[in-house]
Amino acid sequence: MSQLLENARYLLSAHTSRQLPPDEGAEVAFAGRSNAGKSSALNALTRRNALARVSKTPGRTQQLVFFEVTPQASLVDLPGYGYAKVPLELQAHWQAFIDQYFRTRQALKGLVVVMDIRHPLRDYDRQMLGYAVQRGLPAHALLTKADKLGRGQQMQTLKQVRKELSSAFGDTVGVQLFSGESKQGVDEARLIIGSWLGLNPPPVTEIPQG
């Protein structure tokens, strides 16, 4: 069940394709601009306060970081993008590495894109969603830091983002409100991620009597 996400533990970090774990089982990747709240979201979803480091210097994730949920299910933290002060050569390496990961990784079953609700759908967000859609993978956007806005503003932004996503990607990308601080939307997101990882039990089918 999605409660198994609480078993998540650090597995390894990969800077090149040779360092990736075996391409088997199921993986859900997390992407987000630096300072979008990706680490806080991972911590809230796994109910582990320090699973993903929340840095005061955004953009510190410089490798693909794998967290094992079960021997056949993992969460993958992709490098943040935006504020990280890194050489262009390293940025180019990340770009090529992530591109290859999305094109070839058979274990990848879905993508979660974390976006600050106050600054949604930047170019990087659209690019990452495009990777998933091109591969035919499901994608889901978390509008994080929803607690920073009033309810009316939350719903207005959600409606606008949903409209833009539908226009760009059809019905292949979901979106929801989320807050690692207030835990808003955590259970909803856990169910989606759990289903992609194969952790949720199948629905019970009643056998007709007679």
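Since the model is a prediction, treat every value here as computed from it, not as a measurement.
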Side chain [X], main chain [Y], donor-acceptor under 3.5 Å:
{"X": "S167", "Y": "K163", "result": "no"}
{"X": "H93", "Y": "H15", "result": "yes"}
{"X": "R190", "Y": "L45", "result": "yes"}
{"X": "E68", "Y": "A73", "result": "no"}
{"X": "K183", "Y": "F178", "result": "no"}

Query - Distance-only polar pair, side chains of D147 and S182, donor-acceptor under 3.5 Å - result: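 On atom types as modelled, these side chains do not qualify, holding no pair under 3.5 Å.
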
Query raised in the report: Side chains of Q154 and Q184: donor-acceptor distance under 3.5 Å anywhere?
Result: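 Yes, Q184 and Q154 have a side-chain donor paired with an acceptor closer than 3.5 Å.
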
Requested in this report: Determine which pairs satisfy salt bridge (charged side-chain N to carboxylate O under 4.0 Å, His left out) with at least one residue from residues 122-135, sequence neighbours left out, and list them in order.
Outcome: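 Every salt bridge (charged side-chain N to carboxylate O under 4.0 Å, His left out) pair that includes a residue of residues 122-135, provided the two are not neighbours, is R126-E164.
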
Query - Min side-chain heavy-atom separation F66-L20 under 4.5 Å - result: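 They are in contact (side-chain heavy atoms under 4.5 Å apart), so the answer is yes.
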
Query raised in the report: Should S17 and Q100 count as side-chain neighbours, where that means a heavy-atom distance under 4.5 Å?
Result: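 A side-chain contact under 4.5 Å exists here.
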
Requested in this report: Evaluate whether atom CD of E181 has more than 12 neighbouring non-hydrogen atoms of other residues, nucleotides or ligands under 6.0 angstrom away.
Outcome: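 Not buried by this count: 12 neighbours or fewer within 6.0 Å.
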
Query raised in the report: Would you find more than 12 non-hydrogen atoms of other residues, nucleotides or ligands less than 6.0 Å from Q156 atom CD?
Result: no

Query raised in the report: Does the pair L108 and L137 meet the rule for a side-chain contact (heavy atoms from CB on, under 4.5 Å), with working shown?
Result: CA-CA 8 Å; L108 183 59; L137 294 171; 3.6 Å; yes

Query - side chain to side chain contact (heavy atoms under 4.5 Å, CB included) partner of H140, the single match among I192, I193, L129 - result: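 For H140, the side chain to side chain contact (heavy atoms under 4.5 Å, CB included) check succeeds only for I192.
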
Report task. Apply the side chain to side chain contact (heavy atoms under 4.5 Å, CB included) test between L5 and each candidate in V69, V28, L51, T70; give the one that qualifies. Result -> V69

Mind listing the closest non-hydrogen atom pair of [X] and [Y] along with its distance?
{"X": "A31", "Y": "M128", "value": "CB-CE, 3.9 Å"}
{"X": "Q63", "Y": "A14", "value": "CB-O, 3.3 Å"}
{"X": "A146", "Y": "L177", "value": "CB-CB, 4.4 Å"}
{"X": "N43", "Y": "N49", "value": "ND2-O, 3.1 Å"}

Requested in this report: Kindly compute the distance separating CG (L191) from CD (Q3), expressed to the nearest 0.5 Å.
Outcome: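 The CD atom of Q3 is 8.0 Å from CG of L191, to the nearest 0.5 Å.
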
Requested in this report: Could you grab the distance from atom CG of N35 to atom OG of S40, nearest 0.5 Å is fine?
Outcome: 9.5 Å

Query raised in the report: Does the side-chain contact (heavy atoms from CB on, under 4.5 Å) test come out yes or no for R118 and L149, once each step is laid out?
Result: CA-CA 8 Å; R118 298 164 298 181; L149 300 181; 4.0 Å; yes

Query raised in the report: Using 4.0 Å as the upper bound for N to carboxylate O, is an ion pair formed by D116 and R33?
Result: no

Query - NZ/NE/NH1/NH2 to OD/OE distance under 4.0 Å, E27 and R105 - result: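 A salt bridge links E27 with R105.
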
Query raised in the report: Which of parallel (below 30°), tilted (30 to 60°) and perpendicular (above 60°) describes F102 and Y131?
Result: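 Geometry flag for Y131 against F102: parallel rings.
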
Query raised in the report: What residues, two or more places apart in sequence or in another chain, satisfy side chain to side chain contact (heavy atoms under 4.5 Å, CB included) together with N7?
Result: L4

